Amino acid sequence: MVQGRGSASSVVTIAVALLVLLVHTEIAHAAVYQVGGSGGWTFKTVGWPNGKKFRAGDVLVFKYNPSFHNVVAVDRNSYNTCKTPRGARVYKSGNDAIRLAKGQNSFICNFTGHCEAAMKITVNAV
């Protein structure tokens, strides 16, 4: 059976609509977490992720005074050594929203001594 052009465009329209619905559903299920709870991003937040389950696409909100702290996205080695790698993404707004990627996501404050004072977190997003 031969069909005209109209049916092909209908299939494309339906496919696009389903794709938009799927993307919207994924975004709607993302959780938002304030790092450190009501105390915000500060010293000894290293244990804050314990007991929480994170998913790729969830958002971490770091609230802090940018005159005294920052947030640096780092790899595992930089997290463990408290050293900022060249080219690392540094956040400085005091109200940073960071979407989690699948896998390990690690963050430190690279102000002198802050990471060493447990101002760092790592979370695994599934």
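Please read these numbers as outputs of a predicted model, since none were measured by experiment.
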From [X] [atom1] over to [Y] [atom2], what is the distance, rounded to the nearest 0.5 angstrom?
X: Leu100; Y: Asp58; atom1: CG; atom2: CG; result: 6.0 Å
X: Asn80; Y: Ile108; atom1: CG; atom2: CD1; result: 10.5 Å
X: Lys120; Y: Phe43; atom1: NZ; atom2: CZ; result: 13.5 Å

Can you name the nearest heavy-atom pair linking [X] to [Y], along with the distance?
X: Pro66; Y: Gly94; answer: CD-CA, 4.0 Å
X: Ala125; Y: Ala101; answer: CB-O, 3.3 Å
X: Asn70; Y: Trp41; answer: O-NE1, 2.8 Å

[X], [Y]: one ILVMFWY side-chain cluster at the under-4.5 Å cut-off?
X: Phe54; Y: Val74; answer: no
X: Tyr79; Y: Val72; answer: yes
X: Leu60; Y: Val46; answer: no

Review point. Centre of Trp48's six-membered ring, under 6.0 Å away, within 45 degrees of the axis: is that where NZ or CZ of Lys52 sits?
Key: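 Yes; both conditions hold, so Lys52 lies above the ring face of Trp48.
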Exercise for review: For residues Phe107 and Phe62, establish whether the separation of their ring centroids is below 6.0 Å.
Suggested key: yes
Exercise for review: Starting from the C-alpha separation in whole Å, work towards a yes-or-no answer on side-chain hydrogen bond (donor to acceptor under 3.5 Å, both in side chains) for Asp96 and Tyr64.
Suggested key: CA-CA 9 Å; Asp96 307 311; Tyr64 57 93; 2.4 Å; yes
Review point. Does the SG-to-SG distance between Cys115 and Cys82 fall under 2.5 Å?
Key: yes
Exercise for review: Decide side-chain contact (heavy atoms from CB on, under 4.5 Å) for Lys63 and Gln34; before the verdict, give the C-alpha distance in whole Å, the side-chain angles of both, and the deciding distance to 0.1 Å.
Suggested key: CA-CA 7 Å; Lys63 291 186 181 256; Gln34 182 173 319; 3.6 Å; yes
Review point. Who else is in Val59's hydrophobic cluster (ILVMFWY, side-chain heavy atoms under 4.5 Å, direct or via others)?
Key: Val32, Val61
